[in-house]
Each structure stands twice: as C-alpha cells, then as structure tokens.
K.L.:
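Would you mind keeping the following structure in view while I ask a few things?
So that the names make sense, note that chain A is the first sequence line, chain B the second, and so on, each numbered from 1.
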Number of protein chains: 2
Amino acid sequence: MTTLTEVAKLAGVTAATVSNVLRNRGKVGVATRQRVLEAVDTLGYRPHLTARALAEGSAPTLALMVSSIANPFYPEFALAAERAARQSGRFLIVCNTNEDPAIGRAYLEQIAGTLSEGVLVMNANLDFDDLRKTQARGTAVVLCMWERPDAPPGMPCIAVDFFAAGALAARHLLDLGHKRIGAIIGSQADGVHAARYEGFCATLREAGIAHVPAEARFTRDSIQGGYEAATELLTALPEVTAIFATNDLPALGAMHAAADLGRKVPEDLSVIGITDIQLARESRPALSTVAVPTEAAATMAVRLLRALIDGSAVGALMQVAPAPELVVRASTGSARNRRS
Amino acid sequence: MTTLTEVAKLAGVTAATVSNVLRNRGKVGVATRQRVLEAVDTLGYRPHLTARALAEGSAPTLALMVSSIANPFYPEFALAAERAARQSGRFLIVCNTNEDPAIGRAYLEQIAGTLSEGVLVMNANLDFDDLRKTQARGTAVVLCMWERPDAPPGMPCIAVDFFAAGALAARHLLDLGHKRIGAIIGSQADGVHAARYEGFCATLREAGIAHVPAEARFTRDSIQGGYEAATELLTALPEVTAIFATNDLPALGAMHAAADLGRKVPEDLSVIGITDIQLARESRPALSTVAVPTEAAATMAVRLLRALIDGSAVGALMQVAPAPELVVRASTGSARNRRS
DNA sequence: CTGAAAGCGCTAACAA
DNA sequence: TTGTTAGCGCTTTCAG
C-alpha cells in the first residue's frame, strides 16, 4: 500500500502538500502540483478512505436499514439510493433487519456515527426510541417513506402521500363502475399500509359506496399473502367485481387467486395495486397500479441526509415526494363486462 | 461522542486497559474490569469503528460488486451474503456497477483495501485485469458464481456447476418425451450463460436429439427478453413442444409469450428455467426449474473471503458449491399431451 | 506557496 | 495486571 508520505517523499514535498493538491485546496504551485501528480501516478497511490474518515471526523458511507432486501420493492429503492449516494461520493451499506428490532438496534449501535454518519430508514421495523437515541448521538437519520404527509413523525423524513394513492386506486375502480370492491391490506390494521386503506375507504364513502369490514382482509405483504387473502375473500364474497390491494405484491397474488377460481382478469375481476414495481409491468395481465415516486424519494432522502450531516438543514424536516400517479394497465376493466 | 479516553478517565484507568476489557484480551483484574464496564455503561460508549479499523489496519466491511441489485436474483444472494458477513462481524457495502466497467473500476480503486478489505464479485461485468490489480494491491477478491468448475479462473471463486444445471433441465424435458426443444439463452453466446447452454446441448446430443441453431435465441436476462425471444421462436418454430431458458426470468417471459400465443403451459408447451428465484415459486403456473445453491454460495463466498483476508487461505482457490437440483413444478409436462 | 506539528480514536508492543 | 509509548494514514491549523 502506498501512503501519502511515500508520495510526498518521491515528489520531494511534504504530506500536507500532497494532501492539498489531492483535495484541490488551491494554494499549491503549478510546478509542485505537477510533480506531485506524477508521483501519485507512478506509485499508483489511492487515498486510504478509513484514514481520511478518521482525520476528517466523518465517514464516506451511508447506511440503509431495510427489513429485507429480498422484498422486490427495496432493491429498486436501494439502487436509486446507491446511485444518489455515489454521486455525492458516498458508499451504501445495506442492513437487513429481518423485521427484528434487536438486529436493527444492534446495527444502529455499531454503525451509526462511527462507520456511517447517516442512516436511511426504510421500513425496517425499528423502534422510534432507538432512532431517537441514534439521532441524539449525533447521527443523521431520515425516514425514507413516511406514509402520512399530514402527520409528521417529528423526525426528518420523505413523505409519500399514500392516502392519496389509495384514493386514486379507489377512484379508478369507481370510475369503471365497480360497486362491490374487496380490499386486501398488506399489513396489520394499524400497520404501514393503513393510510392507503384509509384513502381507499374515504373515497368510497364520498361516493356513497358502503365498504364493510367483511370486504377487507389483512395479510402479509407478499404474493402468497395476497393469494390467500383473495382466495378467501372471493370465495366468501363472489359478488365482488374488483379488488384493491395496498401493494403490488398482494395484488399479483390476487390475480393468481382469481385465475385459480376461474375468474378472468379484468373481465370477471379487476385488480389494482400500489407502488408500480418492475413486476407490475411484467405480469400477465400487466397490473394496473398507483405509481409511487421511488427514485425521487430515494434521491430526496439521500439529499436530505447529506444536508442534515453537513448542517445545512436541522431539526425535524419533512419533505413531500411527488404525488402518486395512476397507471392503468390491463388488470382493470369496466364493471359492466362482468359475466356472472 | 464518547471516546475510549473519557471512559478510561471515568474508570480511573488508561485507554489501553479499557481497550483490553472491551476486546476481552484477558489480563485485566476483575475489579477494574467491573469499573470499566460501568463507565462504558454510564457514558453510553460505543467503539468508533473507523478508528479501530485504522489502528488494526483492517476494515469491518466487505464489498459486493453486482451489476444491478434490482435484478431479482441478486437481492436473494445479497441477503444471504449480508447475513454471513454480519455473523462474522462485518458490514456489507453494495456496489451497483450498472454493467459499466468504468463504474466497477472506480469502485474497486476507491474502496478496495481502504474502506473494505475484501470484495465479493457477483457478475458485475468487471475487467479481470482490474480484479487482478485489486488483488495485487493486497485486497482479497472472490468470484461468487463461477460458471465452470472445470475451468478455474485463476482467482479465488465459488464455482457452481451450471453445465450440470443445463444438463439437468434438458434431461427432465427429454424424460417427458420432448424432442423439439427451443432454447433461450439470457446472455451472448460467449456470455455467462454459455455453460448452461452447453450442458443442455450436450445432453440432447447424447440422447441423439438434434438441436440446431434455429432453435436457439440469445437475448437479455430478463422477463422482457425472454418474452421477445420466445415469441419469435414459437412463431418461427410452432412445432417446438418445450422451451429451455438459461435463467428463470427469461423462462417467465417465455410463459407469457406462450399465453399470448394461445398455448397453454404445460399442456401445449413446457417451460423450464434455471436458478429457482422466489418468483419461480410464485408464478402461474409455478415454474419448473433447476435450483442453484444461492445461500450456500453466498456463505461459502464470505467464508472464503474471510479466510483470504486473515491469511488462512492463499492463492487461487476454487470451491465448488453443492450441485444444482431439479425442481419440478407446474410448467413442465409430458410431450404426449400436446394438442397441435 | 510550502513545511512543521498536532491530532482524529483506537490498538499493540513493551515496560513497570 | 496495568500504564507508557508509538503509531495507523490522513487532514488541518499555523508559521515561515
């Protein structure tokens, strides 16, 4: 490993000077600068990031806390976050908490403020208390997808209006003439998908459509969860002509359930999800959904984190990401076509 | 931020002693030990990982170079790799190269040996030269899924017998009575999927089945790529009764193509892939495939990397992961059922 | 414009 | 068993 000092020696200057030319601190003579650059080149010198971090008192890494990177939504977010991080010269450490608050806490304790100056929190089932403790120790934290712009969490976050997303989906179904609409919620009633479901319910209510608890199912946020819930729902309530799922994965599962029950999508049943993950485009039929601004949220989150770190932003700021948008594809159709 | 020295002061000892009790170096009196632990506790001290790394001359992070974490296969690998890393007290930095050798090179130059002592390379389109340079600078490198156990790359790697995987898939189709089998290869002819295709071809050859270039299509490793290739293939060669894809994603695309062409799977067309990603279980019909030992490979890769780093392994070692296994699900069926 | 010196927080000999 | 003394490789005042 070549060190700064070695480069300095070769160039006949001192380490400080080399450092200066490398950081473009100006105040270095053009001739010396040239010599230093040559030395760097012939020695193949690369700065030691760890040493630099220690000296600067800051680390070039950001941590992304996520329940499991294997959930199809997260990689898309992670990819965008990593790109944003890289563009500002940082590296991204992924921390899968596996929904286990203990793992999350352990990560936070180890990494925050020492290996990484900032933490991106993506739905990792973390204790708010732990997060606050992390903040208190001087580490920047931003919640990446806060579901309620109307109720700031008292912590820096990027908010995505999931209530609106739910409302958008409901409106689309309503416009298509659906009146009996099943709902599949990919979390507990008070879980992360609550706002979406509320948006859905509110819109139905405004339209004078009754939505009763019997038409809703709470399940896991997965294809399999959606499959099970939809199977149950459609069996119990065959008169349902459309299904609203709070996420694309359960929506996909609902399509499978419909197929197994002999109901064609969209002729016999419309299905809509939320998020617009890659798979939504690639399913058969392609899934209608409400697109959520994943990339924008990731970019904003990284930017906010950086601002928090360098002190150009302070306090509990919330930034609202662009509004969700309806994406009509092939899984939703007019209610009139239903063959019963 | 609390430092070692502050803890030491409070406990009435010196930094070295605190370090010793924290690292369980023994040789610390039980009473002092007690006092130190209390001080650590009241101060809420956490070791500064960057400082420790610099002092130890090694970093607690591993880098994973991958083309894009958004490809559905990689997150599953990354998850396993991260778990293995965490279990040995390391963090995982993900580096998406985006198939761009320049990005890959930049990452390697920056990170290798400074922020991270080891690099896991997962099919990231990296120059071998760059990797060797990285090695030469003293950073451990392991290739995570080398496709040819029979041809070691002269670099530490975990090999997965993809030739056997292709052969297994072919054998399954043959056993089902298929004779006209289309092949969809998710890479260039000389790309990463070559070994799988060779295994397929060899098995057909042994069985006395002719496989001609017209029955093969090279495409991208994605659902969309598989869809396009299969559409073309099935249109040109309708007499094909089965499709072998070198990866699950294109296989899934082939199923979509079949559906759009009015061919039922598996009645009118059998489809098989390789890998056994999560989605294969969740598609309709569920995809028959050849499961590749993702988790095992990840664990082995991390272990090998660690061994390389601590010097208990040297040179160009290749470790072979468990053999791929056929997983029969619903997308493959007997050739006799074909309605033509 | 360049050098000297101090220090980031921790570990690792070596002494005491 | 504990303290002392040096660094790890880099950045950053502050002099010259």
K.L.:
Hey, does B/I103 have a side-chain heavy atom less than 4.5 Å from the side chain of A/R86?
P.N.:
yes
K.L.:
For the side chain of B/Y45, counting heavy atoms from C-beta on, which of D/dG9, D/dC10, C/dC10 is nearest?
P.N.:
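Out of D/dG9, D/dC10, C/dC10, the nucleotide with an atom closest to B/Y45's side chain is C/dC10.
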K.L.:
In terms of side-chain heavy atoms of A/R23, which of D/dT11, D/dG9, C/dG9 is nearest?
P.N.:
D/dT11
K.L.:
With a non-hydrogen cut-off below 4.0 angstrom, is A/T3 in contact with a base, only sugar-phosphate, or nothing?
P.N.:
sugar-phosphate
K.L.:
Specify the separation, in whole Å, of atom CG of A/N20 and atom C1' of C/dG3.
P.N.:
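Distance check: A/N20 CG to C/dG3 C1' gives 11 Å.
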K.L.:
With a 4.0 Å cut-off on N to O distance, would you call A/R23 and A/E56 a salt bridge?
P.N.:
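Between A/E56 and A/R23 there is a salt bridge, with a charged N closer than 4.0 Å to a carboxylate O.
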K.L.:
Counting only side-chain N and O atoms of B/R52, is one of them less than 4.0 Å from OP1 or OP2 of C/dT11?
P.N.:
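Looking at the OP1 and OP2 atoms of C/dT11, one of them is under 4.0 Å from a side-chain N or O of B/R52.
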K.L.:
If I take atom NE2 in residue A/H48 and atom P in nucleotide D/dT11, what distance separates them, rounded to the nearest angstrom?
P.N.:
12 Å
K.L.:
Have a look at B/R105 and tell me which of B/D130, B/D100, B/D129 forms a side chain to side chain donor-acceptor pair (under 3.5 Å) with it.
P.N.:
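Running side chain to side chain donor-acceptor pair (under 3.5 Å) over B/D130, B/D100, B/D129 with B/R105 returns exactly one hit, B/D130.
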K.L.:
At less than 4.0 Å, is any side-chain N or O atom of A/T17 found next to OP1 or OP2 of C/dG3? Yes or no.
P.N.:
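Checking A/T17 against C/dG3: at least one side-chain N or O falls below 4.0 Å of OP1 or OP2.
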K.L.:
Please check the phosphate of C/dC10 (OP1 and OP2 only) for any side-chain N or O of B/S19 closer than 4.0 Å.
P.N.:
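The answer is no; no side-chain N or O of B/S19 sits under 4.0 Å from OP1 or OP2.
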K.L.:
Does a side-chain N or O of B/T32 approach OP1 or OP2 of D/dT2 to a distance below 4.0 Å, or not?
P.N.:
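Answer yes for this pair, as a side-chain N or O of B/T32 is under 4.0 Å from OP1 or OP2.
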K.L.:
Can you tell me if the side-chain N/O atoms of A/R25 get under 4.0 Å from OP1 or OP2 in D/dT12?
P.N.:
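The answer is yes; a side-chain N or O of A/R25 sits under 4.0 Å from OP1 or OP2.
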K.L.:
Counting the atoms with a prime plus P, OP1 and OP2 as sugar-phosphate, which does A/G29 contact under 4.0 Å by heavy atoms, base, sugar-phosphate, or nothing?
P.N.:
sugar-phosphate
K.L.:
Ignoring hydrogens, what is the shortest heavy-atom contact between B/M300 and B/P322? Give both atom names and the distance.
P.N.:
SD-CD, 4.2 Å
